[in-house]
Every structure is written in C-alpha cells, then in structure tokens.
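Have a look at the structure below, then the notes.
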Amino acid sequence: MIAPRAYLDYATLVPTDDAEKYWVRGEREYTHVIFYEDLLKKLEISGGSKEDIEMMHIAIRKANLNFLGVDESFS
C-alpha cells in the first residue's frame, strides 16, 4: 500500500509488531506500507525533480485536508 499517512490513519492503521510492519483494517491486509511523506523525504534528499516534489506536497496536503480536516502548508 502506498498512500498518505492521513489516509492510512483514517483507515485505521494498526501496528502489527515492533518491526513497524502495518496492516489496514478492512477488506485487505497490507504487509508493506509506504507513506507519501517518506517518498517526499527521499525525493528531497536524492534530488528529485521540482515537479515530483511539488506533486507529493500537493497529494499530502489534499489527504490532510480530506481525511484530517487540516490544511497545512509546506515550506
């Protein structure tokens, strides 16, 4: 599962063990989860394109607004 943290928190993200493996309650179980926020950090560190970084900022912002009701601006 690759999604913004807000979506997975909204969908009831549950840690299954101390190794930080996660699954989401619902119809399916996800044994591997990648957060958009982690992808954004990797893009910023590795010199990702300006467009890709901006796209991740927008996706995270939309998820925060839709699922958490928070409109956070990124620096």
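Note that the coordinates shown come from a computational prediction; the quantities given were computed from them, not determined experimentally.
- Across all their heavy atoms, P4 and F35 have their closest contact at C-CD2, 4.5 Å.
- Interatomic distance, CD1 of I53 versus CG of L39, reported as 12.0 Å (0.5 Å rounding).
- The CG atom of N64 sits 6.5 Å away from atom CD of E37, with the distance rounded to the nearest 0.5 Å.
- Between M1 and A3, the closest heavy-atom pair is SD-CB, 3.9 Å.
- How far CG of D38 is from CZ of R5: 6.0 Å, rounded to the nearest 0.5 Å.
- Residues I34 and M55 fall into different hydrophobic clusters, defined by Ile, Leu, Val, Met, Phe, Trp and Tyr side chains chained together at heavy-atom separations under 4.5 Å.
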>> side-chain contact (heavy atoms from CB on, under 4.5 Å), that's the test. Do H57 and E44 meet it? Break it down for me.
In response: CA-CA 11 Å; H57 277 293; E44 291 172 337; 3.5 Å; yes

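- How far CD of E54 is from CZ of R61: 9.5 Å, rounded to the nearest 0.5 Å.
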